[in-house]
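Down below is the structure, laid out as structure tokens.
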2 protein chains.
Amino acid sequence: MVTTSTEPVLHGSPYSADCPTRRILDRIGDRWTVLIVGALWDGSARFSDLRRRIEGISQKMLTQTLRGLERDGLVHRTVHPEVPVRVEYTLTEAGRTLREPLRALQEWSIAHLGDVAASQEAYDQANQLPPGSTDRDK
Amino acid sequence: MVTTSTEPVLHGSPYSADCPTRRILDRIGDRWTVLIVGALWDGSARFSDLRRRIEGISQKMLTQTLRGLERDGLVHRTVHPEVPVRVEYTLTEAGRTLREPLRALQEWSIAHLGDVAASQEAYDQANQLPPGSTDRDK
DNA sequence: CAGTATCCGCCGAGATACTG
DNA sequence: CAGTATCTCGGCGGATACTG
């Protein structure tokens, strides 16, 4: 790891490896990261709070994603050595700055998802259920 | 998501299924979508232009992702029935509105990726290569 | 409570070959 | 040139069992 060095993950060709948008999506593009940021949007929460708030998430993925965010310096983890252990998660300063761009995306989503759904329906009707659909939809 | 069937994938509980941020990430969170939007940022391009600009992408993924964007109404496809066929891709009006939030993310990325990398290094040194790393990094 | 450790299925994505 | 059609593999993410 560490890998500020040598290999940029690619096999031989530089496909916009310098593109920071790409880097950030590698980071938050997964299934759960932004949901966790959302759950920590306005305050801290403990592990089981998060499990309950996000609810579809497994312990494994919650732990794993939180570790990633902690490693990235976006989430802070505090262990309270009480009788049943208590662990608090909070957005760091850097993590809080992520909320603005995320909010922008969210607003785009709210504003346009209706149109997108309509467009999809029209498209599917025009070419009735083509075989190649990646089921990005539904 | 939601898989082919009626069931919303969840066993009984709604894990922020109404969260539009989630919906939008299902859409642009994949490997290539935003790179294509980036390649169409300030104008149209033909299929092979896109292949060359993005370069790491396979024909399959380029076609597939373009189809998705077209279906979503974010990209317009124009076929010029010339001798060797020529196909132009352009962002639609809706697609162009996506550039702003994407730009916001990109700027966040530029501003913070350095800190993130540093945080990762520190984290990895503190717990030297823990077994659970999802290799989100690199 | 807040995790770790395993096993496994699914599908995103690449490689390759063929077509209008 | 601009695609389609298959085969295949890696690894993300779920399920389950165990622990400090």
Side-chain angles (χ1 to χ4, degrees), chain A residues 9-13 15 22 25-33 35-36 44-52 54-68 70 75 77-89 127 130-138, chain B residues 1-5 7 9-13 15 22 25-33 35-36 44-52 54-68 70 75 77-89 127 130-138:
Chain A
V9 138
L10 41 92
H11 312 88
S13 45
Y15 54 94
R22 176 61 185 291
L25 279 166
D26 279 347
R27 213 142 278 295
I28 67 164
D30 65 78
R31 197 177 186 72
W32 301 112
T33 296
L35 284 186
I36 291 181
S44 64
R46 14 195 325 194
F47 190 83
S48 22
D49 289 338
L50 292 173
R51 277 202 75 181
R52 243 169 286 114
I54 304 181
E55 214 165 343
I57 199 170
S58 60
Q59 322 87 308
K60 178 189 158 188
M61 290 317 295
L62 181 52
T63 302
Q64 191 172 298
T65 311
L66 280 170
R67 287 289 179 278
E70 190 193 355
V75 155
R77 177 172 179 267
T78 317
V79 182
H80 301 270
E82 304 174 353
V83 180
V85 199
R86 193 163 59 96
V87 181
E88 295 266 3
Y89 290 93
N127 355 276
S133 27
T134 331
D135 94 292
R136 302 162 48 79
D137 53 317
K138 239 333 181 41
Chain B
M1 228 9 63
V2 165
T3 59
T4 35
S5 66
E7 321 277 5
V9 136
L10 42 92
H11 312 88
S13 41
Y15 57 95
R22 176 62 185 288
L25 279 166
D26 278 348
R27 213 142 278 295
I28 67 163
D30 64 78
R31 195 175 187 73
W32 301 110
T33 297
L35 284 187
I36 291 180
S44 64
R46 12 195 326 194
F47 190 82
S48 21
D49 289 338
L50 292 174
R51 277 202 76 181
R52 243 169 286 115
I54 305 181
E55 209 164 349
I57 199 169
S58 60
Q59 323 88 309
K60 178 189 157 190
M61 290 318 295
L62 181 52
T63 302
Q64 191 172 299
T65 311
L66 281 170
R67 286 289 178 278
E70 190 192 356
V75 155
R77 178 172 179 268
T78 317
V79 183
H80 300 270
E82 304 174 353
V83 179
V85 199
R86 194 163 58 94
V87 181
E88 295 267 2
Y89 291 92
N127 353 275
S133 29
T134 331
D135 93 294
R136 301 164 46 81
D137 53 318
K138 247 295 175 72

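Reckoned from all heavy atoms, side chains included, excluding hydrogens, waters and symmetry mates. Since the model is a prediction, treat every value here as computed from it, not as a measurement.
Distances shorter than 4.0 Å separate none of the side-chain N or O atoms of B:Thr63 from OP1 or OP2 on D:dA2. Considering only side-chain N and O atoms, A:Tyr89 lies under 4.0 angstrom from the phosphate OP1 or OP2 of C:dG3. Between D:dA2 and B:Arg46, a contact under 4.0 Å exists linking OP1 or OP2 to a side-chain N or O. OP1 or OP2 of D:dG14 has at least one side-chain nitrogen or oxygen of A:Arg31 nearer than 4.0 Å.
Note that the CD atom of A:Gln64 and the CD1 atom of A:Ile57 stand 9.5 Å from one another [nearest 0.5 Å]. Between atom CG of residue B:Asp30 and atom CG of residue A:Leu25 there is a gap of 9.0 Å, rounded to the nearest 0.5 Å.
Listed here is the closest heavy atom pair of A:Arg77 and A:Tyr89: NE-OH, 3.2 Å. Minimum interatomic distance between B:Ile36 and B:Ile54 (heavy atoms only, all atoms of both residues): CG1-CD1, 3.6 Å. Between B:Thr65 and B:Trp32, the closest heavy-atom pair is OG1-CB, 3.9 Å.
Minimum atom distance to the side chain of B:Arg86 is reached by D:dA2, of the listed D:dG13, C:dG14, D:dA2. Residue B:Arg77 places its side chain closer to D:dA2 than to any other of D:dA2, C:dA13, C:dC7. Each of D:dG14, C:dG20, C:dG3 was ranked by its minimum atom distance to the side chain of A:Trp32; first place goes to D:dG14. The side chain of A:Gln59 lies closest to D:dA17 when the candidates are D:dA17, D:dG13, D:dA2. Side-chain proximity of A:Ser48 to C:dC1, D:dG13, C:dG20: nearest is C:dC1. Closest approach to the B:Lys60 side chain among D:dG3, D:dC7, C:dA2 is made by D:dC7 (side chain taken as heavy atoms from C-beta onward). Here the nucleotide nearest the side chain of A:Arg67, chosen from C:dG14, C:dT4, D:dG3, is C:dT4.
Take B:Arg86 and apply the side chain to side chain contact (heavy atoms under 4.5 Å, CB included) test, not counting sequence neighbours, and it matches B:Arg46, B:His80, B:Glu82, B:Glu88. Contacts of B:Arg52 classified as salt bridge (Lys or Arg N to Asp or Glu O under 4.0 Å), with partners at least two apart in sequence or in another chain: B:Asp49.
If you measure from atom CD1 of A:Ile36 to atom P of C:dA2, you get 14 Å, rounded to the nearest angstrom. Atoms CZ (B:Arg27) and P (C:dG12) sit 12 Å apart, rounded to a whole Å. The CG-C1' distance, from A:Asp49 to C:dG3, rounds to 15 Å in whole Å. Look at CZ on A:Arg51: it is 10 Å from P on C:dA2, rounded to the nearest Å. Distance A:Leu62 CG to D:dA15 C1': 16 Å, rounded to the nearest Å. Here the P atom of nucleotide C:dG14 and the CD1 atom of B:Ile54 are 11 Å apart, to the nearest Å. Nucleotide D:dC12 holds its P atom 11 Å from the CG atom of A:Asp26, rounded to whole Å. For A:Phe47 and C:dT4, the CZ to C1' distance is 11 Å, given to the nearest whole Å.
Each end of the helix from C:dC1-D:dG20 to C:dG20-D:dC1 gets its own axis, taken as the rotation carrying the C1' atoms of four end pairs onto the next four within a five-pair window, and the two axes meet at 50° to the nearest 10 degrees.
A side-chain contact (heavy atoms from CB on, under 4.5 Å) with A:Leu50 holds for exactly one of A:Leu66, A:Val87, A:Thr63; it is A:Leu66.
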